[in-house]
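What follows is one structure encoded as structure tokens, with my remarks underneath.
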Amino acid sequence: MPTITTRDGTEIFYKDWGAKDAQPIMFHHGWPLSSDDWDAQMMFFLERGYRVIAHDRRGHGRSSQGSEGHDMDQYVVDVVELTDTLDLKDAIHIGHSTGGGEVARYVAQAKPGRVAKAVLISAVAPLMLKTDANPGGTPKELFDGLRLQTATNRAQFYLDLTMPFYGYNREGAEVKEAVRQNWWRQGMMGSAKAHYDGIAAFSETDFTEDLKKIAVPTLVMHGEDDQIVPYADAGKMSAEIVKGAVLKAYPGLPHGMPTTHAELINADLLAFVTG
């Protein structure tokens, strides 16, 4: 398997498909998944001549399951090491959910010439946690509940979580059991410790200053029926903070819309990439 070994000895698994001199697009997955969550997008852009890259975040998928480093700063350090190793230039970085936060922080501090464009899909930015400065956020008690379930009841919890993740709990929704099982498979491949710590990483990290520093064309995509990362407190706010960002809101679409509505999302991504 293709991996890099980071400075702290963690092995990061990655996929790197397509001609090495083609325009690179790097995908950043959400919690608690893996690079496999981007299959529909990676195949779509590979078939159109792009070089597509995706990695399994430390503690997720096929990457090392070490005890430490499961925070947003370390996630971004790992991305820097991978992009430096692959020498990605003028890359388009696309992140979903936690991966959207990862993209925001990476792009905000990336070396000149590394990033051409950024896309935040159903992203956790600017801040999920309810605070005095963010009164519309989610109370910490809810995230404490996620931690408890991850530590004590992970297999059943993950399967149950697929229902709101894909909007399958909405009246009239066509539930696809294979999609649910694929989510569960990805989640259970990872480390319970990494996923437990990762809840703080995606819920308590404030990306406001990162968003302010982004200086490349940015597309923000968010489903208005997102039950995991509410649109009003995330996508809408992020688009207002990133200078010149384009906001594309999707009425009725769920958090996992890159999977449930891949054809639509891929078309909109392509329009932005080529625009």
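Because the structure is a prediction, the values reported are computed rather than measured.
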Item checked: Asp39 and Lys15 ion-paired at < 4.0 Å -> yes
Check: Is Asp78 salt-bridged to Arg7, cutoff N-O under 4.0 Å?
Finding: no
Next item on the list: Could you check whether the rings of His60 and His29 sit parallel, tilted or perpendicular, using 30° and 60° as the cut-offs?
Entry: tilted
Notebook entry, point to check: Can you name the side-chain hydrogen bond (donor to acceptor under 3.5 Å, both in side chains) partners of Tyr250, sequence neighbours left out?
Noted result: Asp268
Notebook entry, point to check: Among side-chain atoms of Asn169 and Gln227, is any donor-acceptor pair under 3.5 angstrom?
Noted result: yes
Check: Will you find, in the side chains of His255 and Ser97, an N or O donor that is under 3.5 Å from an N or O acceptor?
Finding: yes
Notebook entry, point to check: His93 vs His28 aromatic rings, parallel, tilted or perpendicular, using cut-offs 30° and 60°?
Noted result: tilted
Next item on the list: Check side-chain contact (heavy atoms from CB on, under 4.5 Å) between Thr138 and all other residues, then give those that pass, not counting sequence neighbours.
Entry: Leu142, Phe143
Margin query: Is there a side-chain contact between Val119 and Met221 in this structure, where contact means two heavy atoms from C-beta onward sitting under 4.5 Å apart?
Written below: yes
Note to self: So which atom in Thr3 and which in Phe13 form the shortest heavy-atom distance, rounded to 0.1 Å?
What the structure shows: CG2-CA, 3.9 Å
Item checked: For Arg105, the option from Asp206, Asp71, Asp73 that meets salt bridge (charged side-chain N to carboxylate O under 4.0 Å, His left out) -> Asp73
Next item on the list: Just jot down the side-chain contact (heavy atoms from CB on, under 4.5 Å) partners of Thr5, sequence neighbours excluded, or say none.
Entry: Glu11
Margin query: Parallel, tilted or perpendicular: which one describes the rings of Tyr50 and Phe45, with boundaries at 30° and 60°?
Written below: perpendicular
Notebook entry, point to check: What about the rings of His70 and His195, do their centers lie closer together than 6.0 Å?
Noted result: no
Check: Between His96 and Phe165, how do the two ring planes meet: parallel, tilted or perpendicular, split at 30° and 60°?
Finding: perpendicular
Next item on the list: Search all heavy atoms of Pro126 against all heavy atoms of Thr208 and return the closest pair with its distance.
Entry: CB-OG1, 3.8 Å
